[in-house]
Amino acid sequence: MARTRASTPVLAASGETPVTVLPGVGASVAAKLQARGIGSLQDLWLHLPLRYEDRTTLLPIRALKPGLPAQVEGRVEAVERGFRYRPMLRVAVSDGSGGTLVLRFFHFRAAQVAQFTIGTRLRAYGTPRPGQHGLEIVHPSYRVLGEGEEPGLGEALDPVYPAIEGIGPATLRKLIGQALERLPDEAALEVLPPALLAGMTLPSLRQALLTMHRPPADVDLAALAAGTHPVQRRLALEELLAHHLSQRRQRIALQRQRAPALRGRDGLAKALLDALPFRLTAAQRRVFDEIRKDLARAHPMLRLVQGDVGSGKTVVAALAAMLAVERGKQVALAAPTELLAEQHLANLRGWLEPLGVRVAWLAGKVTGKARGKVLEEVASGHAQVVVGTHALMQDNVVFDDLALAIVDEQHRFGVHQRLALRDKGAAAGVVPHQLVMTATPIPRTLAMAAYSDLDVSAIDELPPGRTPVQTSVLSAERRPELVERIRLACAQGRQAYWVCTLIDESDEVVATAAQNTYETLSAQLPELRIGLVHGRMKAAEKQAAMRAFKVAETHLLVATTVIEVGVDVPNASLMIIENAERLGLAQLHQLRGRVGRGAAASSCVLMYQPPLSAMARQRLETMRQTNDGFLIAEKDLELRGPGELLGTRQTGLAAFRIADLARDAALLPAVHALAERLLRESPAVADRVVARWVGGAARYASA
Ligand code: ADP
Ligand code: MG
């Protein structure tokens, strides 16, 4: 996508310099960077580390502690190559301190194996975990040392950057380092007038960036890990300001556009209401009314419907769709996974086809002739409602007259995808209405800040007759009891989930944990058919496993958190979440929402690894006490504090580089005040702030 800058002000000019000025950045590297939205030096400055690795010291192997990353040096004592379920390489290293450490690899090249001869000196870094033979590090970073080679230890902490496809971590570090060499001086870099920041005692932008990328060995690492270091607050302030300004602009721009006014008779919506086997809740009625009023206007709606899992958002979307279909227009409904989209398809077909409404299906796996036929029906207007996945957003999908674009679980899509769908209905100055839905409620206090570009409705009531999920909190020592509970539930014809979580680990490690759990449970519960789903599986394998569970071919599904969205299996009435203490409230709530969907009483067991931190204890206790997503969201905001936040940006909100709405909520009043002043006194500065942090300004301005 071309990056168009609204303005190229003199002050920020050096930041606008394209990455291609850096040595070694040719067209191919530039394209890979661009795929992640990195086009200028400034974009590289703002590609901030996810975390840091401390290679400033060496630890004796004997002193390693599970879970605490460290650097060690030692000699290869033994090497074992095996195949259990896939290739594996184990290298035992010792350093004379009386300890042995195992380095374990699942992916390796022959050249690597050849390196590890007995006696070879290695320096390795990683996070040790208890393994079969003492502590082990899976996929450590390491280097082979020659005899007598004594490389110095680092003086600053090593940044670990969010990965960019096709560019190795070392190259990325080098590129960012080179970009930082060109960081202009303080005055040239700063965009915000000093008067605006007066009284806030925050470091300069230059200092903030340098500290983030190259924290000195004596930096307050705890504050940095918690995201509360003053340099992070400085960056978060500017980023939040940029987003807020950009959202205010978008809203104004949107309200200037025109959309088809969908008013008049509501025959189809009424017919649907009459045909439903249930009555709408008061909250559903209220939200539908809000949507109906929006749709009747000749300006595009952009409304977010927040509703807890199971609150019944789909039927509200279906009713909204009827307002468009009634007037001869088309509706698109996109969901982030095929499974979820299929569920919508089944629901909508069940509800709408008896009313004579034609519902079409478009997903990645609809191919060949079938695809051609669907595309034709969409283009001719024969298909009135089109349900699908990302496939709906592709260029070759052309609508005859799209008046309403509905996006479910909107946070799983990018803004650009939502806009791509919207653009399919854009013609001659008219754009379609947009309805986005999410099951991740956010506290009212934050909704304003998070979504100042759209209107928000809340379905804050569950349909009657649901039995609330009973939640209990158990130490992992009581695992055997849980195995018995699963046996019992499944013997009674129910199904269960076993969720494996290791939040701060790579997919690889989590997949291994899930695989191990799967094997252990298979051995303990031989009478059950057990499925497995994790992020390392191919999409088709994942879907097959999910589908098998949905049609009750499997009794128990062992899964990583990939199941949090999309599975609706009313017969599943038991969920066990391992290491629940590692998850945030929002994610626990999402996971738990997978049970309690049928008439049977359901339960959720939050299993934890003692000892529990005070904060984790409060989170689990909150989960035990309430099923109310909005309450949980408020509590989440209250609890999320220092030391708990690393890697847990899971509110499902806009993807910030550094800001975290929950953590940085206290900055919001300052952000709003700054925005007011900037817009009033120096709109050109506002442009610059938006361009720096949000980019793609021209595209966003018409959202
Ligand atoms: P979510 O908001 O999580 O997307 P769904 O739209 O999937 O929830 O609805 C969950 C279930 O509740 C569906 O089976 C739906 O048909 C049912 N449902 C929706 N509204 C009501 C209602 N007012 N009364 C009873 N059941 C309802
Ligand atoms: Mg839903």
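Bear in mind that the values here come from a model prediction, so they are computed numbers and not experimental data. Quick note: numbers below take in every heavy atom, side chains included, and nothing from hydrogens, waters or symmetry partners. Order of listing sets the numbers, starting from 1, for every ligand and every atom in it.
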Q: Return yes when Asn347 approaches ligand 1 closer than 4.0 angstrom through a heavy atom, no otherwise.
A: no
Q) Starting from atom 20 (N) of ligand 1, which protein heavy atom do you reach first, and at what distance in Å? A) Gln284 NE2, 3.0 Å
Q | Atom indices of ligand 1 within 4.0 angstrom of Thr314 heavy atoms, with elements | A | 4 (O), 5 (P), 6 (O), 7 (O)
Q: May I ask you to identify the nearest protein heavy atom to atom 16 (O) of ligand 1, giving residue, atom name and distance to one decimal place in Å?
A: Phe278 CE2, 3.6 Å
Q) Counting both backbone and side chain atoms, is some N or O of Val315 under 3.5 Å from an N or O of ligand 1? A) no
Q) Do Leu319 and Gln284 come within less than 4.5 Å of each other through their side chains, counting heavy atoms only? A) no
Q) With distance as the sole test, does Arg327 use its side chain to make a donor-acceptor pair with the main-chain N or O of Arg263 at under 3.5 Å? A) yes
Q.
So if I count the atoms of ligand 1 from 1 in the order they appear, which ones are less than 4.0 Å from some heavy atom of Leu280?
A. 23 (N)
Q. Short check: is a protein heavy atom less than 4.0 Å from atom 5 (P) of ligand 1?
A. yes
Q. Quick one: does ligand 1 sit under 4.0 Å from the side chain of Asp408, the backbone, both or neither, non-hydrogen atoms only?
A. neither
Q. Which atoms from ligand 1 have a heavy atom of Ser311 less than 4.0 Å away?
A. 2 (O), 8 (O)
Q | Heteroatom proximity flag, Trp351 to ligand 1, N/O under 3.5 Å | A | no
Q.
Is it true that, when you exclude Gln470 itself, more than 12 heavy atoms of the residues, nucleotides or ligands shown sit nearer than 6.0 Å to its CD?
A. no
**Q.** Protein contact to atom 3 (O) of ligand 1 [nearest heavy atom, distance to 0.1 Å]
**A.** Gly310 N, 2.6 Å
Q: Only one of Leu557, Asn571, Val569 passes side chain to side chain contact (heavy atoms under 4.5 Å, CB included) with Lys550; say which it is.
A: Val569
Q) If you measure from the Lys or Arg side-chain nitrogens to the Asp or Glu carboxylate oxygens, is any gap between Lys313 and Asp308 under 4.0 Å? A) no
Q | Under-4.0 Å salt bridge between Glu353 and Arg358 | A | no
Q: Answer with yes or no whether the side chains of Arg418 and Gln434 bring together a donor and an acceptor at under 3.5 Å.
A: yes
Q.
Using a strict threshold of under 4.0 Å (side-chain N to carboxylate O), is an ion pair present between Glu581 and Arg619?
A. no
Q | Option nearest atom 1 (P) of ligand 1 (shortest heavy-atom distance, choices Met437, His344, Gln343, Lys313) | A | Lys313
(Q) Is it the case that the side chains of Thr560 and Arg536 hold a donor-acceptor pair, with the cut-off being a distance below 3.5 Å and no angle test? (A) no
Q: Identify, for atom 12 (O) of ligand 1, the protein heavy atom at the shortest distance, and state residue, atom and that distance.
A: Arg466 NH2, 2.7 Å
Q) Which ligand 1 atoms are under 4.0 Å away from a heavy-atom of Arg279? A) 22 (C), 23 (N), 24 (N)
Q: Show which atoms of ligand 1 fall inside a sub-4.0 Å distance from at least one heavy-atom site of Val309.
A: 3 (O)
Q.
Among all protein heavy atoms in this structure, tell me which lies nearest to atom 9 (O) of ligand 1, with the distance rounded to 0.1 Å.
A. Gly312 CA, 3.6 Å
Q) Short list, please: which atoms of ligand 1 are under 4.0 Å from a heavy atom of Thr281? A) 23 (N)
Q | Side-chain donor/acceptor of Arg371 to backbone N/O of Ala363, under 3.5 Å | A | yes
Q) Looking at side-chain heavy atoms only, is the closest gap between Ile530 and His555 below 4.5 Å? A) no
